[in-house]
Q: 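There's a structure below that I have some questions on.
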Amino acid sequence: SDCRPGPCTLRTSARRCPRHRSTKRQPTSRPDHACTPVRRRRRQLRRGSWWCAYARNGKHELDTRPHRRQPTGGGTGLIGMWKAFAEMEEMGWIDSKRPRMVSVQASGCAPIVRAFDEGKDKAEPWQNAKTVASGLRVPQAVADFLMLRALRESQGTALSVPDEEMLAEIPRVGRAEGIFFCPEGAACIAALRQLTKQRWIKPSDEVVIFNTATGLKYLDVLQEAPAT
């Protein structure tokens, strides 16, 4: 209908009639907390992890067969990559095959592992979380149900490793690969050893491990760790 004299009958947050159009930005219906720095940072992390799947598959000729080990705190990495695989299939870049996703957490803070083992769709908060890997010290992940769904859809698994094992892997990886792993990434190496012993992973399988930081952030922790 046409705008009538007086108060504009077409005035909304999304559309204004030409006679009452204003350059002033109209308030939206979003709640005040919808665009906080924390939420914006989470979106950036998910987007970065989404790009990891594209970049990795681009170098790997879009092969999605490898197992992927992801240290899991908030879970943005696992969720972002799983979303990217669905997009690549929709564009016709890959088929329906997916890598088996593996969530690795610290034994002192493993809410996703516990929920996965118990067959739950959501993870209960972990009480008294304690681990040297600050990136894994997340007692309650916001998107826990998305992580658990991705693990099950990919026929993957979830497991935890103690701090001692992840710290022991850092110098081993450094000597073998020349990479200074952080405890979060080293946890994936320790998990790989466990899954190999359990024969969940075969010697011929290809595994992709994401190291999410540098060991330089943990010099104080590593100096106190026993030599291996």
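Values below: all heavy atoms of this structure, side chains included; hydrogens, waters and symmetry mates excluded.
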Q: Are R149 and F145 close enough that some pair of their side-chain heavy atoms sits under 4.5 Å apart?
A: yes
Q: How long is the span from the CE atom in M101 to the CZ atom in R152, to the nearest 0.5 Å?
A: 15.0 Å
Q: Please check this pair: side chain of Y218 against backbone of L167, looking for a donor-acceptor N/O pair closer than 3.5 Å.
A: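 No, Y218 side chain to L167 backbone: no donor-acceptor pair under 3.5 Å.
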Q: Does the side chain of Q105 come within less than 4.5 Å of L136's, by heavy atoms?
A: no
Q: Closest heavy-atom contact between A191 and V104?
A: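 Reported closest heavy-atom pair: CB-CG2, 3.7 Å.
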Q: Between C188 and F181, is any pair of side-chain heavy atoms under 4.5 Å apart?
A: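 No. Closest side-chain heavy atoms not under 4.5 Å.
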Q: Could you pull out the closest heavy-atom pair between M166 and A133, with the gap in Å?
A: SD-CB, 4.0 Å
Q: Pick one: which of R193, K197, Q198 meets side-chain contact (heavy atoms from CB on, under 4.5 Å) with L195?
A: Q198
Q: Mind jotting down which residue pairs meet the salt bridge (Lys or Arg N to Asp or Glu O under 4.0 Å) criterion with at least one end in residues 153-165? Sequence neighbours excluded, please.
A: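 Not a single pair qualifies under salt bridge (Lys or Arg N to Asp or Glu O under 4.0 Å).
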Q: Please answer: with hydrophobic residues joined when any side-chain heavy atoms are less than 4.5 Å apart, are V138 and V142 in the same cluster?
A: no
Q: Taking C-beta and beyond as the side chain, do K120 and D144 meet within less than 4.5 Å on heavy atoms?
A: no
Q: Return the CG to NZ distance between L222 and K217, rounded to the nearest 0.5 Å.
A: 12.5 Å
Q: Tell me if the CD atom of Q155 is crowded by more than 12 foreign heavy atoms within 6.0 Å.
A: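 Atom CD in Q155 is not packed in, count stays at 12 or less.
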Q: Is the side chain of E184 donor-acceptor paired with the backbone N or O of T212 at a distance under 3.5 Å, no angle test?
A: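 Looks like no, no N/O pair under 3.5 Å.
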Q: Could you tell me if the side chain of W200 sits less than 4.5 Å from the side chain of L159, heavy atoms only?
A: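 No, side chains not in contact.
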Q: Which atom pair, heavy atoms only, marks the closest approach of I189 to E169?
A: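 Answer, listing the atom of I189 first, then E169: CG2-OE1, 3.3 Å.
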Q: Could you state the interatomic distance from CD1 (I170) to CZ (R175), rounded to the nearest 0.5 Å?
A: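 One gets 11.5 Å once the value is rounded to the nearest 0.5 Å.
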Q: Measure the NZ-CE distance between K122 and M147 for me, rounded to the nearest 0.5 Å.
A: 12.5 Å
Q: Are the side chains of L78 and L151 in touch, meaning some heavy atoms are under 4.5 Å apart?
A: yes
Q: Taking all heavy atoms of I79 and all of A143, pick out the closest pair and write down the distance.
A: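 Looking at all heavy atoms of both residues, the closest pair is CD1-CB, 3.3 Å.
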Q: Would you tabulate the side-chain donor-acceptor contacts of residues 106-117 under 3.5 Å, counting partners in other chains and residues two or more places apart, or write 'none'?
A:
residue: S107; atom: OG; partner: V161; partner atom: O; Å: 3.2
residue: R114; atom: NH2; partner: E124; partner atom: O; Å: 3.1
residue: R114; atom: NH2; partner: P125; partner atom: O; Å: 3.3

